[in-house]
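For reference, the structure discussed in these notes is given below.
We count ligands from 1, going down the list as the structure has it; atoms in each ligand are counted the same way.
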Amino acid sequence: MNIDLKYFKEKLEAEKIKIEDELKSMSIKNPRNQSDWQATYPERDLQDKIEADPTDVADNIEDYQERYALNDVLENRLNSVREALRAIEVGSYGICKIGGREHSIENERLEANPAAATCINHIEG
Ligand SMILES: [Zn+2]
């Protein structure tokens with residue numbers, strides 16, 4: 001099967017930059033912004049806020065947890081994209097290795113997810 005490596009490499013590189021930008025824009029991995037977050041909610045202040053408006057604090061904590069979860073998703077995605085780019089370099093891109101026998105990943109699958117490491121039959125989860 002012929003895979004247009006240049007095409008997928010461009011797609012993956014564009015996605016990598018996008019994810020890295022998104023991660024950079026989030027506060028969790030950024031020590032400066034993280035301290036901002038802490039400065040906004042020091043413990044005593046948080047205690048006062050819980051008494052004043054518990055739902056408001058819950059919203060903020062929820063927002064933080066959501067961003068934390070999103071951060072995880074983005075990091076996992078970035079790892080997949082990096083692995084796919086590495087696979088292009090070493091010539092193993094577009095090959096599913098599940099089941100003990102190497103076989104091609106469908107073009108439509110790569111089109112939908114250029115970082116896919118498995119064929120349609122072996123999609124994880
Ligand atoms: Zn497979």
Side-chain angles (χ1 to χ4, degrees):
M1 191 179 80
N2 290 322
I3 297 171
D4 190 344
L5 288 178
K6 192 173 171 284
Y7 168 76
F8 285 115
K9 192 180 176 185
E10 275 167 15
K11 280 187 93 160
L12 284 161
E13 272 168 354
E15 187 173 355
K16 183 169 167 262
I17 289 163
K18 202 172 144 237
I19 297 169
E20 283 170 348
D21 280 352
E22 237 171 299
L23 281 169
K24 268 182 234 157
S25 76
M26 293 173 41
S27 61
I28 292 150
K29 284 283 163 172
N30 186 325
R32 190 176 56 82
N33 284 347
Q34 199 168 17
S35 68
D36 279 349
W37 192 85
Q38 282 162 349
T40 316
Y41 302 104
E43 241 171 88
R44 256 190 54 210
D45 193 33
L46 185 67
Q47 193 57 45
D48 289 346
K49 280 193 162 86
I50 287 169
E51 280 160 22
D53 189 353
T55 50
D56 186 46
V57 174
D59 281 351
N60 280 306
I61 292 170
E62 205 172 298
D63 183 52
Y64 179 76
Q65 284 170 337
E66 262 171 38
R67 273 187 297 154
Y68 198 86
L70 178 63
N71 190 77
D72 257 17
V73 170
L74 287 172
E75 278 194 344
N76 286 338
R77 181 71 193 162
L78 186 58
N79 281 337
S80 304
V81 169
R82 281 192 182 134
E83 271 167 37
L85 282 166
R86 210 172 302 138
I88 288 176
E89 295 305 319
V90 302
S92 64
Y93 183 72
I95 296 167
C96 174
K97 290 171 179 153
I98 294 179
R101 186 184 58 86
E102 290 189 357
H103 49 281
S104 299
I105 299 172
E106 298 84 351
N107 250 319
E108 60 188 286
R109 165 95 166 117
L110 292 173
E111 186 63 48
N113 176 13
T118 60
C119 69
I120 289 171
N121 285 332
H122 293 131
I123 293 176
E124 297 151 51

Taking side chain to side chain contact (heavy atoms under 4.5 Å, CB included) as the criterion, tell me which of Ile95, Ile88, Leu110 meets it with Ile3.
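Going through Ile95, Ile88, Leu110 one by one, the side chain to side chain contact (heavy atoms under 4.5 Å, CB included) with Ile3 is satisfied by Leu110 alone.
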
For Arg109 and Asn121, test the side chains for any donor-to-acceptor distance below 3.5 angstrom and give the result as yes or no.
no

Could you please give the number of protein N/O/S atoms within less than 2.8 Å of the Zn ion (ligand 1)?
4

Check [X] against [Y] and note the closest heavy-atom contact, atom names and distance.
{"X": "Thr118", "Y": "Ile123", "result": "OG1-CA, 3.6 Å"}
{"X": "Val81", "Y": "Leu12", "result": "CG1-O, 3.4 Å"}
{"X": "Ala84", "Y": "Ala115", "result": "CB-CA, 3.9 Å"}

For Glu111, what residues pass the side-chain hydrogen bond (donor to acceptor under 3.5 Å, both in side chains) criterion, not counting sequence neighbours?
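Glu111 satisfies side-chain hydrogen bond (donor to acceptor under 3.5 Å, both in side chains) with Tyr7, Lys11 only.
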
